There are 2 protein chains.
Amino acid sequence: MHGLKILVADDEEKMRQVIRIYLENEGYIVIEASNGQEALEKIKETKFALVLLDVMMPEIDGWTLCRKIRQEFCTPIIMITARGEEYDKLFGFELGVDDYITKPFSLREMIARIKAVLKRSNGDKNMNNNILKVGALEIKPRYRQIFLENKEMVLTPKEFELLNFLCQNPEIVYSREQLLNQVWGYDFLGDLRTVDTHVKQLREKLGSHKKYICTVWGTGYKFRVGD
Amino acid sequence: MHGLKILVADDEEKMRQVIRIYLENEGYIVIEASNGQEALEKIKETKFALVLLDVMMPEIDGWTLCRKIRQEFCTPIIMITARGEEYDKLFGFELGVDDYITKPFSLREMIARIKAVLKRSNGDKNMNNNILKVGALEIKPRYRQIFLENKEMVLTPKEFELLNFLCQNPEIVYSREQLLNQVWGYDFLGDLRTVDTHVKQLREKLGSHKKYICTVWGTGYKFRVGD
DNA sequence: TAGCTTCATCACAAATTCATCACAGTAGAT
DNA sequence: ATCTACTGTGATGAATTTGTGATGAAGCTA
């Protein structure tokens with residue numbers, strides 16, 4: 001269990017330092033990356049036992065980076081997220097993530113999770129590949145694919161995340177604000193109506209099944225398969 | 001979720017003001033404290049739903065204050081920190097902080113975090129996930145659906161809220177004024193008779209069960225299932 | 001860099017809901 | 001029985017909310 005390399009991607013130096021000290025103390029070799037781009041390059045160069053990824057990063061945010069890593073590598077990933085309602089995001093669909101830690105967290109907790117993930121990834125693979133089927137839709141979160149009547153939909157990242165989120169929580173009504181928080185993140189500063197535009201796009205791509213996404217007047221949207 | 005008291009402790013007047021405006025707009029009651037001492041006194045006087053605490057304060061700094069509060073109270077605390085500072089302390093976690101926000105932050109993010117913390121501290125007992133059955137009605141607040149004899153009613157937002165409110169408080173008589181306050185909100189300035197119109201609509205949609213909503217002559221309305 | 005995709009925002013149109021009013025109907029009091 | 005105060009109801013224009021196409025910015029790829 002010693003000498004394993006761990007990549008710590010976080011834009012805050014102080015944060016990286018604290019983590020480095022603890023991890024080295026546990027016998028790991030720590031490589032740092034201060035932004036997403038750098039992280040991606042280092043992953044391509046070196047084989048890591050694990051990647052520790054902060055969600056909040058400038059340039060490339062954690063989710064995007066995670067997706068990019070997963071396109072090529074199966075290195076275990078632990079996300080560091082701000083505490084809040086992003087749980088669904090993690091559980092629901094970004095299943096490429098092996099575990100996550102919410103800030104503020106204790107370093108003891110972090111170490112424990114790292115060990116657990118490493119153990120699992122060696123003992124291998126009860127890969128949580130859970131595929132979800134709702135109506136004519138089939139969702140493979142791990143591959144970032146959604147099939148409509150067995151044909152793969154061509155979706156942009158945002159479209160994927162929005163549709164996936166709605167599908168993972170069918171029948172539940174979400175306000176535009178909630179959707180922004182869940183899908184875009186707390187730090188999105190934009191217009192509520194942005195949601196509408198994406199809903200429009202999704203409906204267009206859903207074609208005859210556009211009624212899966214239904215408007216709840218005065219409230220928001222929900223995914224609904226029945227009726 | 002309305003009328004909850006929040007203490008904002010920050011030495012910068014401007015900052016407090018901005019936060020106050022935003023929070024009040026969301027229906028919270030805001031009390032300000034311009035330094036640690038003052039904050040501590042106010043906490044001892046009043047019971048707050050949440051404390052928003054800036055780390056950087058003269059006299060008593062945020063960390064010390066946080067510890068002092070925790071010695072006596074379990075009020076949820078959200079810390080406002082400058083980015084990149086003092087991670088060790090947050091890590092330590094021994095301070096019992098419920099969440100923290102790093103400056104600069106958006107007000108939307110702040111609100112979202114506040115709501116998340118409040119929700120958690122309520123143990124989610126406010127989760128109106130409870131499905132309620134009264135007579136031939138079945139109410140699923142989370143889905144924003146009301147079923148009448150197992151058939152979903154098609155309701156406008158106001159209709160939904162009014163019927164839901166009445167059902168959640170059966171047998172209790174409400175005056176038009178009370179209903180306006182509860183369902184429309186205190187800031188509604190309109191005509192009392194507006195309630196009547198909506199009651200009419202509901203009765204129409206209730207069809208043969210219209211007597212669920214009954215008129216209490218000279219007083220108001222109530223929901224009644226029996227008799 | 002140029003070309004392409006994705007994204008957020010805006011403005012306008014369309015759809016839906018809402019509050020109000022006037023008048024009809026009803027319960028209760030005298 | 002008659003009167004008065006209160007409630008029921010249909011119609012209507014205003015207000016709110018949502019749908020949608022266009023547009024320019026930002027990001028990515030080659």
Side-chain angles (χ1 to χ4, degrees), chain A residues 35-37 40-41 44 57-61 63-65 67-69 71-72 144 153-164 166 173-181 183-185 187-207 210-222, chain B residues 106 108 144 153-164 173-181 183-185 187-207 210-222:
Chain A
N35 62 59
Q37 193 55 48
L40 207 52
E41 281 161 18
K44 284 178 181 168
M57 279 195 293
E59 300 176 43
I60 309 183
D61 78 287
W63 299 114
T64 314
L65 182 53
R67 193 182 321 128
K68 290 195 176 209
I69 294 172
Q71 280 171 4
E72 294 185 69
R144 292 206 134 240
M153 296 178 74
V154 180
L155 299 172
T156 71
K158 274 283 179 296
E159 284 164 13
F160 173 84
E161 304 210 355
L162 180 57
L163 181 54
N164 188 40
L166 289 170
V173 183
Y174 292 97
S175 68
R176 290 173 176 71
E177 178 131 35
Q178 286 176 311
L179 290 172
L180 281 185
N181 284 339
V183 177
W184 274 256
D187 46 334
F188 178 76
L189 299 174
D191 191 3
L192 288 179
R193 300 295 310 281
T194 295
V195 176
D196 297 38
T197 302
H198 284 266
V199 165
K200 188 197 70 175
Q201 302 286 14
L202 281 177
R203 282 178 173 153
E204 198 173 314
K205 293 190 179 180
L206 284 169
K210 70 173 61 172
K211 55 205 280 239
Y212 279 166
I213 301 180
C214 71
T215 305
V216 182
W217 224 89
T219 308
Y221 297 99
K222 72 171 175 176
Chain B
S106 76
R108 229 173 51 76
R144 278 208 145 241
M153 297 178 72
V154 180
L155 299 171
T156 71
K158 275 283 181 298
E159 284 163 14
F160 174 84
E161 307 230 346
L162 179 57
L163 182 53
N164 185 41
V173 184
Y174 292 97
S175 68
R176 291 174 176 71
E177 180 136 31
Q178 286 175 310
L179 289 172
L180 282 183
N181 285 339
V183 177
W184 274 254
D187 46 338
F188 179 77
L189 301 172
D191 191 358
L192 289 179
R193 300 295 310 282
T194 296
V195 176
D196 298 38
T197 302
H198 285 268
V199 166
K200 186 201 71 177
Q201 302 285 16
L202 281 177
R203 282 177 173 155
E204 195 175 317
K205 294 189 179 179
L206 284 169
K210 68 173 61 171
K211 54 202 271 236
Y212 280 166
I213 301 179
C214 69
T215 306
V216 182
W217 223 85
T219 310
Y221 297 99
K222 73 169 176 177

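Chain letters run A, B, ... following the sequence lines, proteins first and then strands; every chain starts at 1. Bear in mind the structure is a predicted one, so any value in this text is a computation, not a measurement. All values below come from the heavy atoms of this structure, side chains included, with hydrogens, waters and symmetry mates left out.
Listed nucleotides: C:dA8, D:dT7, D:dG19. Nearest to the side chain of A:Arg176: D:dG19. Side-chain proximity of A:Phe188 to C:dT20, C:dA8, C:dC7: nearest is C:dA8. Here D:dG19 is the nucleotide among D:dG8, C:dT9, D:dG19 with the atom lying nearest to any side-chain atom of A:Thr215.
Considering NE2 of B:His198 and CG of B:Leu162, their distance stands at 8.0 Å, rounded to 0.5 Å. Here the straight-line distance linking atom CG of A:Leu166 with atom OH of A:Tyr174 works out to 8.0 Å at 0.5 Å rounding. How far OG1 of B:Thr194 is from CH2 of B:Trp184: 7.0 Å, rounded to the nearest 0.5 Å. To the nearest 0.5 Å, atom CZ of residue B:Arg203 and atom CG of residue B:Leu163 are 12.0 Å apart. Atom CG of A:Asp191 sits about 8.5 Å away from atom OG1 of A:Thr197, to the nearest 0.5 Å.
A:Arg193 comes within 4.0 angstrom of a base, heavy atoms only. Contact annotation for A:Thr194: base contact, defined as any heavy-atom pair under 4.0 Å involving a base atom.
With hydrogens and angles disregarded, no donor-acceptor distance shorter than 3.5 Å links the side chain of A:Arg176 to the backbone of A:Asp196.
Side-chain nitrogen and oxygen atoms of A:Trp184 include none within less than 4.0 Å of the OP1 or OP2 phosphate oxygen of C:dC7. Contact annotation: B:Thr156 does not reach the phosphate of C:dT16 (side-chain N/O to OP1 or OP2, under 4.0 Å). Note on B:His198: every side-chain N or O is 4.0 Å or more away from OP1 and OP2 of C:dT17.
One interatomic measurement links the two molecules: CG of B:Leu179 to P of C:dA19, which rounds to 13 Å at whole-angstrom precision. The interatomic distance linking A:Leu202 (CG) with D:dT20 (C1') rounds to 15 Å, in whole Å. In this structure, the OH atom of A:Tyr221 is 7 Å from the P atom of D:dT18, given to the nearest Å. Atom P of nucleotide D:dG19 and atom CG of A:Asp191 are separated by 14 Å, given to the nearest angstrom. As rounded to whole Å, 6 Å separates atom P of C:dT6 from atom NZ of A:Lys205. As a whole-Å value, the separation of B:Lys210 NZ from D:dG8 P is 11 Å. For the pair B:Asp196 CG and C:dT20 P, the computed distance is 12 Å after rounding to whole Å. In this entry the distance linking CD of A:Glu177 with C1' of D:dT17 reads 16 Å, nearest Å.
B:Glu159 has no carboxylate O lying under 4.0 Å from a charged side-chain N of B:Lys200, or vice versa, which leaves the two without a salt bridge.
Considering A:Val216, A:Leu202, A:Leu179 in turn, A:Leu179 is the only one that fulfils the side-chain contact (heavy atoms from CB on, under 4.5 Å) rule with A:Tyr221.
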Practice item. Indicate for each nucleotide in nucleotides 24-30 of chain C, in 5' to 3' sequence, whether protein heavy atoms under 4.0 Å reach the base (B), only the sugar-phosphate (S), or nothing (-). Key: ---B---
Practice item. Let me see the working for A:Glu204 and A:Gln201 under side-chain contact (heavy atoms from CB on, under 4.5 Å), right down to the final yes or no. Key: CA-CA 5 Å; A:Glu204 198 173 314; A:Gln201 302 286 14; 4.1 Å; yes
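A heavy-atom distance below 4.5 Å is found between the side chains of B:Leu206 and B:Met153.
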Return the polar atom pairs (N/O with N/O) between nucleotides 21-26 of chain D and the protein under 3.5 Å, or none.
from   : atom 1 : to       : atom 2 : distance (Å)
D:dG21 : N7     : A:Lys200 : NZ     : 3.1

